[in-house]
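Only a predicted model underlies this, so the values are computations on that prediction, with no experimental measurement involved.
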Amino acid sequence: MTTTDTTPTLEQRARREADRARITGALEHLAGKDLMIGLDVDGTLVDHDGAMTDPMREALQRAAQDHHVVIATGRSIGATLPIVEAAGIEHGYAVCSNGAVTVQMDPGLEGGHRVISTRVFQPGHALATLREVAPDAHYAVEMADGSFHATPGFQDASFGVRATETNLDDLMVLEAVRVVVHVPDLTPQEFSKVVAESGVHGVEYAIGWTAWLDMAAPGVSKASALEEIRERLGIDQGSTVAVGDGFNDTEMLQWAGVGVAMGQAPQGVKDVADTVTASVYEDGTVLVLGSLSDA
């Protein structure tokens with residue numbers, strides 16, 4: 001039986017220290033301030049298999065005790081609440097569905113939370129347009145109550161619930177907080193071209209790591225929801241931090257006083273951030289939260 005040596009190499013340790021020094025330098029001016037921290041989930045708190053490390057869980061819980069930690073994700077309510085629980089956030093807020101749904105946590109409420117904001121839209125025109133250029137795509141509509149309706153065969157863990165199979169014509173008349181479009185046989189680059197050629201307008205969209213499109217109402221993003229929470233909390237704009245790795249995080253990173261991109265993020269995401277941490281596989285968010293807790 002062989003064992004794997006997990007001891008970091010000199011090069012890995014040097015890179016880790018360089019990452020730590022860079023993050024500390026970017027955040028040191030926030031020492032002693034009451035902070036609001038917006039955190040993406042997939043690729044930021046958990047890897048793309050959905051796994052969270054013990055150091056990440058511990059750093060998250062510590063940060064939630066010291067600051068206003070707000071989970072900000074494309075996930076639905078059902079898939080967001082387990083992350084909120086792991087973070088130990090019993091009071092506070094979470095942003096779901098890329099900004100279309102905002103949840104307030106309170107242990108005194110039934111289920112420990114309540115929805116305080118939803119932004120709905122009519123997706124019919126966009127879906128009809130996309131069907132013309134992507135007839136083989138899978139479609140899902142997220143409703144304001146957290147339920148999902150999807151074309152036959154389309155289920156995903158990010159929904160947080162099992163979707164009700166619904167044909168596309170019936171999906172078009174539903175009122176949505178989010179619409180998901182997935183084309184498994186296309187690369188993200190090919191899908192981006194399809195979306196551009198479709199001329200879809202009147203909705204905001206973000207294409208992630210796969211041929212996957214999230215659509216929301218015009219003007220809705222993680223940043224728009226986080227700004228509403230910031231105003232509720234009375235936090236200074238300069239005392240906000242955001243961490244993310246996807247194109248649906250770019251508005252949030254630009255909105256924050258300090259926007260931090262993950263090490264594995266596409267270059268287009270890194271370009272809008274103020275600094276870059278290590279990758280999710282190296283617990284890059286732990287570096288960020290550790291610097292804020294130690295400040």
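Put simply, the side chain of Asp145 gets close to the backbone of Ser147: a donor and an acceptor are under 3.5 Å apart. Arg178 places no side-chain N or O within 3.5 Å of a backbone atom of Cys96 that could act as its donor or acceptor partner. Formation of a donor-acceptor pair under 3.5 Å by the Gln155 side chain with backbone atoms of Ala163 is found in this model. Using modelled atom types, one side-chain atom of Ser224 and one backbone atom of Ser221 make a donor-acceptor pair closer than 3.5 Å. Counting only distance, with no hydrogens or angles, the side chain of Lys270 and the backbone of Gly263 share a donor-acceptor pair below 3.5 Å. Looking only at distances, a side-chain donor or acceptor of Gln264 sits under 3.5 Å from a matching main-chain atom of Gly43. Judged purely by atom type and a 3.5 angstrom limit, Thr24 has no side-chain atom pairing as donor or acceptor with the backbone of Ala21. Between the Asp47 side chain and the Gly50 main chain, a donor and an acceptor come within less than 3.5 Å of each other. Using modelled atom types, no side-chain atom of Glu231 and backbone atom of Glu228 make a donor-acceptor pair closer than 3.5 Å.
A heavy-atom distance below 4.5 Å is not found between the side chains of His149 and Asp170. A heavy-atom distance below 4.5 Å is not found between the side chains of Leu226 and Tyr93. Residues Asp245 and Val269 are not in side-chain contact: their nearest non-hydrogen atoms beyond the backbone lie 4.5 Å or more apart. No side-chain heavy atom of Thr285 sits under 4.5 Å from any side-chain heavy atom of Val280. With contacts defined as side-chain heavy-atom distances shorter than 4.5 Å, the pair Val177/Arg119 does not qualify. Counting heavy atoms from C-beta outward, Phe121 and Val220 have side chains that stay 4.5 Å or more apart. Counting heavy atoms from C-beta on, the side chains of Asp42 and Arg75 come closer than 4.5 Å. Taking 4.5 Å as the limit, every side-chain heavy atom of Asp185 sits out of range of all side-chain heavy atoms of Asp136.
Of all heavy-atom pairs between Arg16 and Ala278, the closest is NH1-CB, 4.1 Å. Residues Ala79 and Ser158 come closest through the heavy atom pair CB-O, 3.4 Å. Nearest heavy atom pair, residue Leu27 against residue Ser291, reads CD1-CB, 4.0 Å. Looking at every heavy atom in both residues, Thr102 comes nearest to Ala225 through OG1-CB, 3.9 Å. Smallest separation of non-hydrogen atoms from Met262 and Thr277: SD-CG2, 3.8 Å. Taking each heavy atom of Ala176 and Pro123 in turn, the nearest pair found is CB-CG, 4.2 Å.
Arg114 has no carboxylate O lying under 4.0 Å from a charged side-chain N of Asp106, or vice versa, which leaves the two without a salt bridge. Taking the charged nitrogens against the carboxylate oxygens, Glu227 and Arg230 do have a contact shorter than 4.0 Å, which makes a salt bridge.
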Determine, step by step, whether Trp255 and Gln237 satisfy the side-chain contact (heavy atoms from CB on, under 4.5 Å) criterion, reporting the C-alpha distance in whole Å, the side-chain angles of both residues, the deciding distance to 0.1 Å, and the verdict. CA-CA 9 Å; Trp255 162 85; Gln237 177 64 47; 3.6 Å; yes
I would like to know whether Thr80 and Val103 meet side-chain contact (heavy atoms from CB on, under 4.5 Å); could you show each step before the answer? CA-CA 10 Å; Thr80 302; Val103 181; over 6 Å; no
Go through it in stages, so that I can follow the logic: the residues are Glu165 and Thr151, the test is side-chain contact (heavy atoms from CB on, under 4.5 Å), and I'd like the CA-CA distance, side-chain angles, deciding distance and then a yes or no. CA-CA 5 Å; Glu165 289 196 355; Thr151 49; over 6 Å; no
side-chain contact (heavy atoms from CB on, under 4.5 Å) for Met52 and Leu60? Distances and angles first, verdict last. CA-CA 10 Å; Met52 181 185 293; Leu60 195 49; 4.0 Å; yes
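Checked against the 6.0 Å centroid criterion, the rings of Phe159 and Phe154 qualify as a close aromatic pair.
Taking hydrophobic clusters as Ile, Leu, Val, Met, Phe, Trp and Tyr residues chained together by side-chain heavy-atom distances below 4.5 Å, Met56 shares a cluster with Ile83. Met36 and Leu45 are not part of a single hydrophobic cluster, where members link through side-chain heavy atoms under 4.5 Å apart. Hydrophobic clustering places Val243 together with Ile23 (ILVMFWY residues linked when any side-chain heavy atoms are closer than 4.5 Å, directly or through intermediates). Hydrophobic clustering, with ILVMFWY side chains joined whenever heavy atoms are under 4.5 angstrom apart, groups Ile235 together with Ile116. Following chains of ILVMFWY side-chain contacts shorter than 4.5 Å, one cannot reach Val115 starting from Val95, and the two form parts of different hydrophobic clusters.
In the displayed structure, Glu11 atom CD is contacted under 6.0 Å by at most 12 heavy atoms of other residues, nucleotides or ligands. Within a 6.0 Å sphere centred on CD of Gln267, other residues, nucleotides and ligands contribute more than 12 heavy atoms. When the shell of 6.0 Å around CD of Glu85 is examined, it contains 12 or fewer heavy atoms from other residues, nucleotides or ligands.
For the residue pair Glu282 / Ser279, a side-chain donor-acceptor distance below 3.5 Å is found, with atom types taken as modelled. In the model, Ser76 has no side-chain atom that pairs as donor or acceptor with a side-chain atom of Glu142 under 3.5 Å.
The distance from atom OG of Ser239 to atom NE2 of His67, rounded to the nearest 0.5 Å, is 10.0 Å. With values rounded to the nearest 0.5 angstrom, Leu127 atom CG is found 12.0 Å from Glu132 atom CD. Separating the CZ atom in Arg131 from the CG atom in Leu168 is a distance of 4.5 Å, to the nearest 0.5 Å. A distance of 10.0 Å separates CG of Leu39 from NZ of Lys222, quoted to the nearest 0.5 Å. In this structure, CD in Gln61 is found 11.5 Å from CG in Leu289, a value given to the nearest 0.5 Å. To the nearest 0.5 angstrom, Glu17 atom CD is 9.5 Å from Arg13 atom CZ.
For the side chain to side chain donor-acceptor pair (under 3.5 Å) with Asn98, the lone residue among Thr73, Asp249, Asp214 that qualifies is Asp214.
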